[in-house]
Amino acid sequence: MAFTCPKCGWKHKASQEKYAQSRGLSQPVCEDCNPSLKQKISSMRKAFIISAFSDSYMGYGPLASIPYVPLVLLFSAAMAYVTQGAMAVFLSIFCLLAGYVSNSCIATKVGDSIRYRLLRGQPICFIILGYYAPLILIMIGSVIFWWAY
């Protein structure tokens, strides 16, 4: 039984391929049957973006959330510096774990929305900009604070 592509209608069986080759007919160029280099690069780019927001990377959560890891570590260290005594250790560990879990959850939610938008062919630049906007604002604020003092 031959597989028929739902997009282009090409039947993947040896007799049809031999017939097309003997008549000089070309195979269809759809992403599923016979992708061109441009379609391969486009599908690889989509797969990289989706996996960067969805897959875990060496225990840090999704790859796209790695820039937030130093921020989470600095926040837990600041919490330990501000509070005192035994409560400092508890709050520092709690902030570290809460930041790590929330960072991973937010990145996977953003990854899901990116996946749906890429599959529908919609732009994703505003989602990625919105995901990194807090980090960019904190970096700008820290540079202004460092420059002012």
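Residues take their numbers from the sequence shown, with the count starting at 1. Because the structure is predicted, anything quoted here is derived from the model rather than measured.
Taking each heavy atom of Leu135 and Pro67 in turn, the nearest pair found is CD2-CB, 3.5 Å.
Through direct or relayed side-chain contacts under 4.5 Å between Ile, Leu, Val, Met, Phe, Trp and Tyr, Trp147 connects to no other residue. Through side-chain heavy atoms spaced under 4.5 Å, either directly or across other Ile, Leu, Val, Met, Phe, Trp or Tyr residues, Ile41 is tied to Leu37. Summarising the hydrophobic clusters (Ile, Leu, Val, Met, Phe, Trp, Tyr; side-chain heavy atoms under 4.5 Å, direct or chained), the residues clustered with Phe75 are Met79, Met87, Phe90, Leu91.
With sequence neighbours excluded, the residues forming a side chain to side chain contact (heavy atoms under 4.5 Å, CB included) with Ile140 are Ile136, Ile144, listed by chain and number. For Thr108, the side chain to side chain contact (heavy atoms under 4.5 Å, CB included) partners at least two apart in sequence or on another chain are Pro62. Legend: residues meeting ring pair (Phe, Tyr, Trp, His ring centres under 6.0 Å) with Tyr81, ordered by chain and number and at least two apart, are absent. When the side chain to side chain contact (heavy atoms under 4.5 Å, CB included) test is applied to Ile124, the partners found at least two apart in sequence or on another chain are Ile49, Ile114, Arg117, Leu118, Ile128.
Although no hydrogens or angles enter the test, the distance criterion places a donor-acceptor pair under 3.5 Å between the side chain of Ser142 and the main chain of Ile138. Side-chain atoms of Ser104 never come within 3.5 Å of backbone atoms of Val101 as a donor-acceptor pair (strictly under, hydrogens ignored).
Tyr100 is not connected to Val89 by any chain of hydrophobic side-chain contacts under 4.5 Å among Ile, Leu, Val, Met, Phe, Trp and Tyr, and they are in different clusters.
Applying the ring-ring contact (aromatic ring centres under 6.0 Å, His included) test to residues at least two apart or on different chains, the pairs with a partner in residues 103-137 are Phe53-Tyr131, Tyr68-Tyr131. Sorted pairs that involve residues 90-99 and meet side chain to side chain donor-acceptor pair (under 3.5 Å), not counting sequence neighbours, are lacking altogether. Residue pairs meeting the salt bridge (Lys or Arg N to Asp or Glu O under 4.0 Å) criterion with at least one member in residues 104-113, sequence neighbours excluded, are Asp112-Arg115.
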